[in-house]
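Count residues from 1 along the sequence.
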Amino acid sequence: MEKKNQSGVIRAVCISMKRGTEKTPIKEGKLVADFGIEQDAHGGNWHRQVSLLSYDRIKAFNEKGAEVSDGAFGENLVVEGIDFSALAVGTRLSAGEGLLEITQIGKECHNHCKIYQRMGECIMPTQGVFAKVIRSGMVRPGDRMEVYGPDPQRPFTAAVIVLSDKGAAGERKDESGPAAAEMLKASGYEVVETILLPDEPEMLKEQLIRLADSRQVDLVVTSGGTGFSLRDQTPEATLAVAHRNVPGIGEYIRLRSMEITPRAMLGRGVSVIRGKTLIVNLPGSPRAVKESLGFILDSLDHGLKILRGDEGNCGEAPRKSEGRQGEP
């Protein structure tokens, strides 16, 4: 692992026996791979096994009169000298004898905690990060924490969102989501979430923003909501959260799909970039999902590597022929 020029000191190790309660400091904790901190209620087989918060951020917050103690925000590790909110998902952190990997930046806050109700703000949703345990080991106050770059060999991460009123209502079994997830996994992606939503654009926008900004997944594919029905608003919701447009992917899916059926010209799916996340709209049927992903998966690898910063620009990509010069 390549070490970055950032390190800190662990000031507190905290756990709670029950979810939804403040954590309390302990003398030492055991980081357990693929679980979290031993005996902590938030441990388990999921991506938010350990929560971290900067001591410096807590200190600044207390200077406003908050008077919060270690663990009050629900954080497991309080660390001095590291700005966690500036790190990227995939960053690795040594913590005592253990090793962590950041999986999420910030946290959506649906029910305001007591701190927010008293102060009018809470720093955990914007300054806290979450991690999974890669290597087990003891962690104690006073231990150093070192920041390392992401594993360059880590797989691309992906999320699948299906838009279906009937599917979300339990009136129809969703087959599009599993079909997309299966193809992505077969291509080497780590599928971190599959979500089934009604055709509600605001709900879709909220999930796209969360997956791109907090979870920082490499690829999000949506299925459904790209037709002519008044409820079909997936492209509009996708464009609303976009930072940059990627028209070629949607155009190519339509072009290849029209070799199968001329009705493919009616598809309105778009593709965009938000941050370092590529979002691609796919049609709603399982068959069309498989066909569409089959058209594009081989070529997405190069683009996703560029978004990660692991590869040169598209103009340096190999060509199938040495004919007309132009965009690849």
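- Between the Gln49 side chain and the Gly44 main chain, a donor and an acceptor come within less than 3.5 Å of each other.
- Put simply, the side chain of Thr103 gets close to the backbone of His47: a donor and an acceptor are under 3.5 Å apart.
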Practice problem: Please assess Arg154 against Arg308 for the test side-chain contact (heavy atoms from CB on, under 4.5 Å), listing each intermediate value before the final yes or no. | Solution: CA-CA 11 Å; Arg154 70 195 188 283; Arg308 273 190 174 181; 3.5 Å; yes
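- Within the 4.5 Å cutoff, no side-chain heavy atoms of Val9 are placed close to those of Tyr55.
- Minimum interatomic distance between Lys205 and Ala237 (heavy atoms only, all atoms of both residues): CG-O, 3.4 Å.
- One hydrophobic cluster holds both Leu87 and Val129 under the rule that ILVMFWY side chains link at heavy-atom gaps under 4.5 Å.
- Other residues sharing a hydrophobic cluster with Met265 under the 4.5 Å side-chain heavy-atom criterion for ILVMFWY residues are Phe228, Met258, Leu266.
- Although no hydrogens or angles enter the test, the distance criterion places no donor-acceptor pair under 3.5 Å between the side chain of Thr91 and the main chain of Gly149.
- Rounded to the nearest 0.5 angstrom, Ile296 CD1 and Leu219 CG are separated by 7.5 Å.
- The structure places CG of Leu184 at 6.0 Å from CG of Leu297, a figure rounded to the nearest 0.5 Å.
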| task | Determine, stepwise, if the pair Glu75 / Ile58 fulfils side-chain contact (heavy atoms from CB on, under 4.5 Å). | result | CA-CA 11 Å; Glu75 74 277 14; Ile58 297 173; 3.8 Å; yes
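- Between Leu304 atom CG and Ser299 atom OG the span is 11.0 Å, to the nearest 0.5 Å.
- Applying the side chain to side chain donor-acceptor pair (under 3.5 Å) test to every pair with at least one member in residues 76-89, sequence neighbours left out, gives these pairs: Arg11-Glu80, Asp40-Asn76, Ser51-Asn76, Arg57-Asp83, Asp83-Ser85, Ser85-Gln127.
- At distances below 3.5 Å, at least one donor-acceptor pair connects side-chain atoms of Arg19 with backbone N or O atoms of Ala41.
- Arg140 places none of its side-chain heavy atoms less than 4.5 Å from the side chain of Lys27.
- Applying the side chain to side chain donor-acceptor pair (under 3.5 Å) rule to pairs touching residues 158-185 yields Asp165-Arg231, sequence neighbours excluded.
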**From CA spacing to verdict: salt bridge (charged side-chain N to carboxylate O under 4.0 Å, His left out), Glu251, Arg254** = CA-CA 5 Å; Glu251 292 167 358; Arg254 277 184 285 274; 5.9 Å; no
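- Remark: Arg48 qualifies as a cation-pi partner of Phe130 under the 6.0 Å distance and 45° angle criteria applied to the six-membered ring.
- With hydrogens and angles disregarded, no donor-acceptor distance shorter than 3.5 Å links the side chain of Ser292 to the backbone of Ile253.
- No single ILVMFWY cluster, assembled from side-chain heavy atoms under 4.5 Å apart, contains both Val89 and Trp46.
- With hydrogens and angles disregarded, no donor-acceptor distance shorter than 3.5 Å links the side chain of Arg92 to the backbone of Leu100.
- Annotation for Val220: hydrophobic cluster partners, listed by chain and number, are Ile161, Leu163, Val192, Ile195, Leu197, Met203, Leu204, Leu208, Ile209, Leu211, Val217, Leu239, Val241, Val270, Val272, Ile279 (ILVMFWY side-chain heavy atoms under 4.5 Å, direct or chained).
- A single hydrophobic cluster is seen to contain both Ile273 and Leu300, as judged by linkage of ILVMFWY side chains at heavy-atom distances under 4.5 Å, directly or through other members.
- Remark: the backbone N or O of Ala33 is paired with a side-chain donor or acceptor of Ser136 at under 3.5 angstrom.
- Residues Met183 and Tyr189 are not in side-chain contact: their nearest non-hydrogen atoms beyond the backbone lie 4.5 Å or more apart.
- Between the side chains of Thr238 and Asn281, at least one donor-acceptor pair of N or O atoms lies under 3.5 Å.
- Interatomic distance, CZ of Phe295 versus CD of Glu259, reported as 6.5 Å (0.5 Å rounding).
- Among residues two or more places apart in sequence or in another chain, the salt bridge (charged side-chain N to carboxylate O under 4.0 Å, His left out) test is passed with Glu291 by Arg287.
- Two residues are said to be in side-chain contact when any heavy atoms from C-beta on lie closer than 4.5 Å; Leu93 and Val79 fail this criterion.
- Under the 4.5 Å side-chain heavy-atom criterion for Ile, Leu, Val, Met, Phe, Trp and Tyr, Met138 and Val133 are members of distinct hydrophobic clusters.
- Residues passing the salt bridge (charged side-chain N to carboxylate O under 4.0 Å, His left out) test with Lys132, sequence neighbours excluded: Glu101.
- Counting only heavy atoms from C-beta outward, the side chains of Asp143 and Val13 never approach each other to under 4.5 Å.
- Looking at Val162 and Thr222, their side chains never come closer than 4.5 Å, going by heavy atoms from C-beta outward.
- Under a 3.5 Å cut-off, the side chain of Thr157 and the backbone N or O of Asp218 do form a donor-acceptor pair.
- With a 4.5 Å cut-off on side-chain heavy atoms, Glu97 and Lys30 do not count as touching.
- Phe35 and Leu52 fall into different hydrophobic clusters, where Ile, Leu, Val, Met, Phe, Trp and Tyr residues are linked whenever their side-chain heavy atoms come under 4.5 Å apart, directly or through other members.
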